[in-house]
Amino acid sequence: MDEVLKIVNDIKAGNIKPIYFLMGEEPYYIDKLSDYIEENVLSEEEKSFNQTVLYGRDVSVEDIISAAKRYPMMAERQVVIVKEAQDLVKTIDKFESYALSPMPSTVLVVCYKYKTLDKRKKVTKLFDKAGVVFESKKLYENQVGQWITRVLQTKKFSIEPKANAMLVEFLGTDLGKINNELEKLQIILPAGSTISAKDIEENIGFSKDFNIFELRKAIGERNQLKSYKIAQYFSDNPKDHPMVMTTGLIFSFFIQVLQYHGLKDKNPKNVAAVLKVNPFFLKDYDVALKNYPMKKVSQIVALLRDIDVKSKGVGANAMPQHDLLKEMLVGIFN
């Protein structure tokens with residue numbers, strides 16, 4: 001995010017480069033930077049004649065270079081944006097000649113999503129020398145919560161840890177999806193609000209009581225009644241709670257509990273860092289640590305591997321989700 005802000009601030013200050021090569025696994029920031037340039041580099045009057053948007057599947061590198069070499073009309077510069085440039089992967093090296101001597105009056109923006117160019121390649125080095133090469137990296141799941149908090153802070157909002165965790169649990173690491181949901185909440189809630197789990201449930205549709213987060217917590221507490229109630233809800237709503245995902249997240253939880261057992265330094269700060277969890281949720285792991293000795297956790301991990309195989313239809317004759325959940329909980333609690 002800091003690198004994105006620097007690029008934006010440079011553009012605001014008039015330090016505009018002739019080439020922006022935006023690449024990487026995470027499309028969110030590529031879109032944000034491309035949209036910012038599209039909306040802000042030229043005035044509305046200048047855009048009609050001097051802003052061109054091309055798509056990699058429809059054009060060749062030669063077409064793009066030809067467009068980039070045109071002179072602007074009644075403006076200081078023109079903007080050429082190439083979206084879905086990853087479709088040009090086989091011919092991307094043909095940009096070398098242009099990158100050696102780019103038009104100073106053209107801002108060429110190349111959006112190369114879901115992939116990266118080797119930074120040792122000649123064309124990548126030339127892009128970097130002539131302008132900006134930006135790599136948008138996928139965030140790890142344990143980083144997404146911090147990202148949500150930072151994004152909301154810039155909009156004068158905050159979020160409860162549980163609500164934050166719910167978003168990560170249900171939307172994963174897709175920043176675009178998460179941002180769309182956050183924008184909905186910012187429209188609905190008053191500025192300066194703290195987003196709660198109830199807000200998530202009422203406006204996005206994730207139940208604050210019947211979700212994988214609450215199931216994991218109930219299992220950690222050995223609260224069998226609550227665990228079976230949530231499992232029944234999952235069985236009644238299999239599309240929203242696929243067994244493969246449920247098994248995977250419960251498995252991850254017990255792997256973390258196993259790690260916790262093995263730690264010599266059980267200082268909360270160290271535990272949170274090693275387990276890669278928000279310190280707010282450490283109490284859930286403390287409870288599970290007391291309720292499940294290391295030997296039992298090892299047995300549960302083996303059980304969950306078996307359930308995972310069955311959930312994928314291997315050697316289980318397509319067992320119903322209800323039966324798999326029941327088998328999982330019986331194995332965990334016995």
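Quick caveat: nothing in here was measured; it's all calculated off a predicted structure.
Smallest separation of non-hydrogen atoms from Leu329 and Ala231: CD1-CB, 3.7 Å. Closest heavy-atom contact between Ile200 and Ala163: CG1-CB, 3.8 Å. Residues Ser227 and Leu215 share a closest heavy-atom pair of O-CD1, 3.7 Å. Scanning both residues, Met73 and Asn50, for their nearest heavy atoms gives N-OD1, 2.6 Å. Taking all atoms of both residues into account, the shortest heavy-atom contact from Tyr112 to Leu117 is OH-CD2, 3.6 Å. Nearest heavy-atom pair, Gly56 versus Asp87, reported as atom, atom and distance to 0.1 Å: C-CB, 3.9 Å.
Leu289 contributes atom CG, which lies 6.0 Å from atom NZ of Lys266 (distance to the nearest 0.5 angstrom). In this structure, the separation between NZ on Lys122 and CG on Leu126 is 6.0 Å, given to the nearest 0.5 Å. A distance of 11.0 Å separates NZ of Lys226 from CD1 of Ile219, quoted to the nearest 0.5 Å. Separating the CG atom in Leu304 from the CD1 atom in Ile250 is a distance of 7.5 Å, to the nearest 0.5 Å. Separation of atoms OG (Ser298) and CG (Leu258) is listed at 5.0 Å; rounding is to 0.5 Å. Atom CZ of Phe254 sits about 11.5 Å away from atom CD of Gln299, to the nearest 0.5 Å.
For the pair Glu221 and Lys283, the salt-bridge criterion is not met [side-chain N within less than 4.0 Å of a carboxylate O]. Remark: Asp2 does not engage Lys6 in a salt bridge, criterion side-chain N to carboxylate O under 4.0 Å. With respect to Lys94 and Glu62, a salt bridge is recorded, a charged nitrogen being found less than 4.0 Å from a carboxylate O. One finds no salt bridge joining Arg216 and Asp284 here, because no Lys/Arg side-chain nitrogen approaches an Asp/Glu carboxylate oxygen to under 4.0 Å. Ion pairing between Lys198 and Glu201 fails under the 4.0 Å rule for side-chain N and carboxylate O. Taking the charged nitrogens against the carboxylate oxygens, Asp286 and Lys290 have no contact shorter than 4.0 Å, which rules out a salt bridge. Here Glu214 does not pair with Lys217 in a salt bridge; the nearest charged N to carboxylate O distance is not below 4.0 Å.
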Any chance you could lay out the side-chain contact (heavy atoms from CB on, under 4.5 Å) test for Val144 and Leu167, step after step, and finish with the verdict? CA-CA 9 Å; Val144 177; Leu167 285 172; over 6 Å; no
Please test Asp93 against Lys121 for salt bridge (charged side-chain N to carboxylate O under 4.0 Å, His left out), starting from the C-alpha separation and ending with a verdict. CA-CA 9 Å; Asp93 289 339; Lys121 281 174 71 75; 3.0 Å; yes
Go through the steps to decide whether Phe213 and Phe281 satisfy the test ring-ring contact (aromatic ring centres under 6.0 Å, His included), and finish with yes or no. CA-CA 11 Å; Phe213 178 74; Phe281 297 105; 5.1 Å; yes
Evaluate side-chain contact (heavy atoms from CB on, under 4.5 Å) for Met328 paired with Leu325, printing each intermediate quantity in order. CA-CA 5 Å; Met328 179 183 78; Leu325 283 167; 4.0 Å; yes
Taking it one step at a time, do Leu185 and Phe157 satisfy side-chain contact (heavy atoms from CB on, under 4.5 Å)? CA-CA 10 Å; Leu185 291 168; Phe157 282 82; over 6 Å; no
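Side-chain contact between Leu22 and Tyr29 is absent, with no heavy atoms from C-beta onward closer than 4.5 Å. For the pair Ser193 and Ile195, the minimum side-chain heavy-atom distance is 4.5 Å or more. Gln143 places none of its side-chain heavy atoms less than 4.5 Å from the side chain of Lys276. Within the 4.5 Å cutoff, the side chain of Leu303 has no heavy atoms near those of the Phe251 side chain. Side chains of Gln51 and Glu38 form a contact here, defined as non-hydrogen atoms less than 4.5 Å apart. Counting heavy atoms from C-beta on, the side chains of Leu175 and Leu139 come closer than 4.5 Å. Contact of the Asp323 side chain with the Lys326 side chain is not registered, since no non-hydrogen atoms from C-beta on lie closer than 4.5 Å. Between Ile300 and Tyr292 the shortest side-chain heavy-atom distance falls below 4.5 Å.
Under a 3.5 Å cut-off, the side chain of Glu160 and the backbone N or O of Lys162 do not form any donor-acceptor pair. Of the possible donor and acceptor atoms, none in the side chain of Asn164 sits under 3.5 Å from a partner among the backbone N and O of Pro161. Between the side chain of Gln321 and the backbone N or O of Phe234 there is at least one donor-acceptor pair closer than 3.5 Å.
The environment of Lys129 atom NZ is sparse: at most 12 non-hydrogen atoms of other residues, nucleotides or ligands sit within 6.0 angstrom. Sparse packing is recorded around NZ of Lys17, with 12 or fewer heavy atoms of other residues, nucleotides or ligands lying under 6.0 Å away. Counting heavy-atom neighbours within 6.0 Å of Phe49 CZ, excluding the residue itself, gives a total of 12 or less. Within a 6.0 Å radius of CD in Gln146, other residues, nucleotides and ligands contribute 12 heavy atoms or fewer.
In the model, Thr106 has a side-chain atom that pairs as donor or acceptor with a side-chain atom of Gln78 under 3.5 Å. Side chains of Asp31 and Ser34: no donor on one and acceptor on the other come within 3.5 Å. A donor-acceptor contact under 3.5 angstrom links the side chains of Asp63 and Ser60, judged on distance only. There is no side-chain donor-acceptor pair under 3.5 Å between Tyr114 and Gln86.
The aromatic rings of Phe127 and Phe21 lie parallel to each other, with less than 30° between the two planes, well short of the 60° mark.
At a threshold of 4.5 Å between side-chain heavy atoms, the hydrophobic network of Ile, Leu, Val, Met, Phe, Trp and Tyr places Val79 and Ile7 in one connected group. Residues Met103 and Val80 are members of one and the same hydrophobic cluster, defined by side-chain heavy-atom contacts under 4.5 angstrom among Ile, Leu, Val, Met, Phe, Trp and Tyr. Under a hydrophobic-cluster definition in which Ile, Leu, Val, Met, Phe, Trp and Tyr are linked whenever side-chain heavy atoms come within less than 4.5 Å, directly or via other members, Leu54 and Ile81 are assigned to different clusters. When the side chains of ILVMFWY residues are joined at heavy-atom separations under 4.5 Å, either directly or via intervening members, Ile159 and Phe280 end up in two distinct hydrophobic clusters. Tyr36 and Ile19 are members of different hydrophobic clusters when ILVMFWY side chains are connected at heavy-atom separations under 4.5 Å.
Geometrically, Lys69 does not engage Tyr71 in a cation-pi contact defined by less than 6.0 Å to the ring centre and at most 45° from the axis.
With ring centers used as reference points, Tyr285 lies under 6.0 Å from Phe253.
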